[in-house]
Amino acid sequence: MKLVTCGLPYANGKLHVGHLRTYVPADVYVRYLRLMGEKVVFICGSDCHGTPIVVNAEKEGLKPQELVDKYHEHFKRVFKALNVEFDFFGKTTESYHHERTREFVKKLAENGYIYKKEIELAYCENCNMFLPDRYVEGICPYCKTPARGDECDQGCGRHLEPGEILEPKCKICGNKAVFRKQMHYFFKLTAFQDFLEEYLSNLSGTENALNYARQWIGNLKDWCITRNLDWGVRFPLDESLVLYVWVDAPIGYISFTEKATDDWRKIWLEGKAEIIHFIGLDIAYHHCIFWPAMLKGANYALPSAVIASGMVKIEGKNLSKSRGYVVWVEDEYLKAGFNPDYLRYYLVNYTSHDKDLNFSWDVFREKVNNEIIATFGNFLFRILSFVWKNFGVVSMEVDREILSKIEETKNKIVNAIKKWEFKSASDAVMELASFGNVYFQNSKPWELLKSDKAKTMKVVANCLQIVKALLILSYPIMPKSMEKVAGTIGINLGNCSIDDVLKVDEKIEVKKPDLPFKKIENEEIEPLKKAIQEKFCEKNESEVSIEEFRKMDFRVGKIVSAQKIEGSKKLMKLVVDIGSEKRQIVAGIAESYSPEELIGKLVVVLANLKPAKLMGVESRSMILAVDVEGKPILLTPEREVKPGEKVK
RNA sequence: GCCGAGGUAGCCUAGCUGGUUGGGGCGACAGACUCAUAAUCUGUAGGUCGCGGGUUCAAAUCCCGCCCUCGGCACCA
């Protein structure tokens with residue numbers, strides 16, 4: 001028995017093509033396993049807790065529960081439309097999940113893996129709530145640069161103990177925050193060091209996930225698993241607190257399994273099933289480190305494989321919701337009326353599962369028209385309509401070579417699926433269709449028909465066997481379309497096993513076939529391409545309006561301190577006084593300037609540049625310089641001016 | 001910087017536990033065919049497999065160095 005899970009979508013936004021890169025291959029995998037006769041339980045659900053949901057609900061004028069319900073319904077709709085069929089799709093706000101989570105955490109506590117510690121936390125008196133780290137901003141007490149939460153992320157990189165940060169501000173309302181002492185609870189992750197090392201060396205799955213996890217193994221820290229929030233699963237040892245989302249979310253895998261099957265004890269308690277997690281690479285840490293430690297600590301069964309999908313790019317660019325490099329599944333893809341199977345095929349066939357996948361409308365159209373339709377769909381249709389017109393019923397007599405070709409394809413697919421190589425599996429399907437086209441072409445049954453009908457029937461029987469095999473073998477990838485075609489030759493794909501591809505029926509009756517697929521016309525994708533292009537152009541106008549220029553906050557700054565960044569040739573870490581504050585800036589000027597000659601220098605900085613991390617050190621602005629043959633020369637005011645003066 | 005992934009014909013991509021002429025697709029060109037959604041089939045052109053060294057009888061494939069691109073650097077879902 002196998003349990004297959006997918007990373008829980010966070011109920012805070014709509015599904016885009018990037019999400020589907022995990023869910024569609026998982027569904028394809030499950031369908032193939034079932035075709036091979038495996039017993040599989042397939043579950044997923046909405047991840048509903050956490051501060052972002054509370055904050056976003058407020059923004060949208062909804063209660064957290066309403067926001068979560070809205071996206072939960074959206075997820076269910078989209079999965080249904082794409083035929084991603086979970087045995088159970090749950091929700092972490094449900095009581096059964098809360099109960100399972102509390103049970104789990106109690107067990108962890110009983111086993112001695114939870115301890116309490118008094119810490120100081122920022123509290124916003126205006127918002128009337130304790131602030132999670134990501135909603136606190138202030139100044140680092142060591143280097144005086146702006147810092148966030150528990151880390152001086154722009155300056156010295158030091159970890160800040162609760163209460164250390166100076167001038168804490170609430171990021172939600174901007175008001176001053178205060179510190180209050182409070183008891184919180186920690187999960188002793190450090191106790192699992194040896195266990196995890198051993199566990200990870202045996203864990204199977206895609207290399208990308210395993211590699212990612214291994215780099216953290218020597219550097220574990222205990223996790224604070226409680227939060228001050230009303231929204232979430234109540235912490236059983238202190239009902240005034242709520243569990244951190246990453247504690248309760250993965251436990252959803254257990255609670256949803258309980259709802260999906262009576263076998264859940266066998267799976268999660270007795271270790272009598274393989275547990276396979278499909279995830280996006282971004283949550284590999286939680287699934288390869290945190291989650292196994294929790295399971296071990298609470299005496300549950302351990303996952304045997306973690307399958308991480310690569311990233312999705314849109315038109316060659318990194319997916320970005322704010323920049324418009326995104327394709328929404330419901331509002332764009334489905335609304336345009338495309339067959340969901342096209343997207344399923346694309347996601348599975350574009351490249352290996354753990355590599356980056358580029359989604360481009362042009363490539364989409366080409367792949368669909370050339371592969372699904374011209375090669376695969378056309379073979380099905382040309383055979384079925386040929387049979388229907390000339391025979392109606394065919395007595396099946398199939399050549400050995402044909403059967404061995406089918407068997408070869410079947411074996412390729414079985415082997416590929418076992419290794420999570422979905423591209424290879426779908427390539428094998430296409431190859432068989434192509435083989436069918438060549439066979440039909442070379443046999444010229446349309447000519448043969450004029451002289452020898454009996455011989456023609458033999459050719460046709462061979463082709464029909466290939467058709468049947470294709471339907472069964474591609475059913476997991478394109479379930480909806482294949483079911484439709486299967487009706488024409490009277491087979492029920494739901495009852496088929498993979499070995500049926502080699503079974504030869506006595507007779508096959510063919511009804512009038514319909515076109516299995518509709519071609520994608522250029523006009524259909526033009527508007528979708530344009531939508532992405534336009535957003536791209538907005539960001540890339542070569543002419544800049546005065547309004548746009550005014551958005552740039554250039555200011556004079558005075559360099560307060562400078563030091564080279566260890567290990568870097570060019571980078572220098574500067575603290576610059578820009579009047580209102582002292583900023584940490586990383587600049588690539590170490591080859592031209594020494595730290596000593598920089599201190600006291602006046603420079604021009606772009607004060608509202610989006611922060612970025614360079615070599616792990618955050619830079620909050622940029623210093624303007626002229627680049628002469630690769631060497632920077634700083635711009636400096638011609639006379640002495642006060643730091644913070646605006647440059648226009 | 002550290003860790004990871006990758007650099008293969010105009011474009012995308014397979015191969016990478018070393019071994020027969022580096023596969024496939026798109027696009028281009030030529031031809032065949034008409035059962036089929038101008039589909040299919042056959043053929044042609046196009047590659048110093050990032051660069052430099054090394055190991056070997058033999059390297060895209062193993063080792064070393066370098067260059068370039070992308071991603072991650074965590075308790076942020």
Side-chain angles (χ1 to χ4, degrees), chain A residues 7-13 47-53 132-135 148-151 153 157 186-187 189 207-216 219-225 227 244-247 249 280-286 289-290 310-311 313 316 318 349-352 354-356 358 360 362-363 366-367 369-371 373-375 377-390 421 423-424 427 430-431 433-434 436-449 456 459-460 463 513 515-519 565-569 571 613-617:
Chain A
L8 309 186
Y10 197 52
N12 194 27
D47 177 11
C48 305
H49 298 311
T51 317
I53 282 185
D133 290 331
R134 57 186 302 212
Y135 290 106
R148 186 180 52 158
D150 61 350
E151 191 196 0
D153 55 349
F186 288 75
F187 173 56
L189 185 61
E207 282 298 315
N208 55 353
L210 303 179
N211 285 337
Y212 186 84
R214 285 180 190 129
Q215 69 179 299
W216 294 113
N219 194 19
L220 300 175
K221 277 185 196 166
D222 292 344
W223 282 41
C224 178
I225 55 165
R227 296 290 128 110
Y244 174 49
V245 247
W246 268 114
V247 174
L281 197 54
D282 52 337
I283 53 176
Y285 177 84
H286 305 88
I289 303 275
F290 193 47
M311 294 292 149
K313 293 179 175 238
N318 288 331
N349 187 265
Y350 184 89
T351 190
S352 316
D354 57 355
K355 290 193 179 150
D356 285 356
N358 183 33
S360 148
D362 280 323
V363 179
E366 269 171 22
K367 274 185 93 71
N369 287 352
N370 294 330
E371 297 169 29
I373 299 176
T375 302
N378 181 241
F379 176 71
L380 300 179
F381 187 67
R382 76 195 292 201
I383 300 305
L384 296 176
S385 51
F386 188 85
V387 173
W388 179 71
K389 276 183 198 158
N390 301 303
E421 285 167 2
K423 177 172 172 55
S424 307
D427 278 346
M430 284 300 144
E431 199 199 306
S434 188
N437 275 324
V438 173
Y439 174 76
F440 191 79
Q441 191 82 11
N442 292 343
S443 307
K444 298 192 169 115
W446 57 90
E447 238 169 55
L448 202 57
L449 188 65
T456 312
V459 170
V460 157
C463 290
L515 279 178
F517 301 105
K518 192 175 148 278
K519 259 181 97 159
I565 290 182
E566 243 172 83
S568 163
K569 274 184 261 175
L571 295 184
K613 267 195 182 177
L614 302 168
M615 267 179 70
V617 182

Asker: Identify whether any heavy atom of A:Lys389 sits under 4.0 Å from a base atom; if not, whether one sits that close to sugar-phosphate; answer base, sugar-phosphate or nothing.
Answerer: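 Sugar-phosphate only.
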
Asker: Whole-Å distance between B:C35 P and A:Leu515 CG?
Answerer: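 After rounding, the gap between these two atoms is 17 Å.
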
Asker: Under the 5.5 Å and 30° test, is A:Tyr285 stacked on the base of B:A74?
Answerer: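 No, the aromatic ring of A:Tyr285 does not stack with the base.
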
Asker: Any side-chain N or O of A:Ser424 below 4.0 angstrom from OP1/OP2 of B:A14?
Answerer: no

Asker: Between atom NZ in A:Lys313 and atom C1' in B:A5, what is the gap in whole Å?
Answerer: 11 Å

Asker: Among residues at least two apart in sequence or on other chains, which ones pass salt bridge (Lys or Arg N to Asp or Glu O under 4.0 Å) with A:Asp282?
Answerer: none

Asker: Please give, in whole Å, the distance from B:A5 C1' to A:Leu281 CG?
Answerer: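 Those two atoms, CG and C1', are 10 Å apart.
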
Asker: Please write out the pairs of protein N or O atoms and N or O atoms of nucleotides 38-41 of chain B separated by less than 3.5 Å, giving the distance to one decimal.
Answerer:
unit_1 : atom_1 : unit_2   : atom_2 : d
B:A39  : OP1    : A:Lys519 : NZ     : 2.5
B:A39  : O2'    : A:Asn378 : OD1    : 2.8
B:A39  : O2'    : A:Asn378 : ND2    : 3.1
B:U40  : O2'    : A:Arg382 : NH1    : 3.1
B:U40  : O2'    : A:Gln441 : OE1    : 3.0
B:U40  : O2     : A:Gln441 : NE2    : 3.1

Asker: Below the 4.0 Å mark, does B:C70 have OP1 or OP2 next to a side-chain nitrogen or oxygen of A:Lys355?
Answerer: no

Asker: CZ of A:Phe386 versus P of B:C33: gap in Å, rounded?
Answerer: 17 Å

Asker: I'd like to check the side chain to side chain contact (heavy atoms under 4.5 Å, CB included) partners of A:Asp427; sequence neighbours left out, ordered by chain and number.
Answerer: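 Side chain to side chain contact (heavy atoms under 4.5 Å, CB included) check on A:Asp427 returns A:Asn349, A:Lys423.
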
Asker: May A:Trp223 be described as stacking on the base of B:C75, applying a 5.5 Å centroid limit and a 30° limit on plane angle?
Answerer: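 Base of B:C75: not stacked against A:Trp223.
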
Asker: Compute the ring centroids of A:Phe440 and A:Phe386, then answer whether they are less than 6.0 Å apart.
Answerer: yes

Asker: Looking only at atom P, what distance separates B:A14 and B:G25, rounded to whole Å?
Answerer: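 About 15 Å, rounded to a whole number of Å.
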
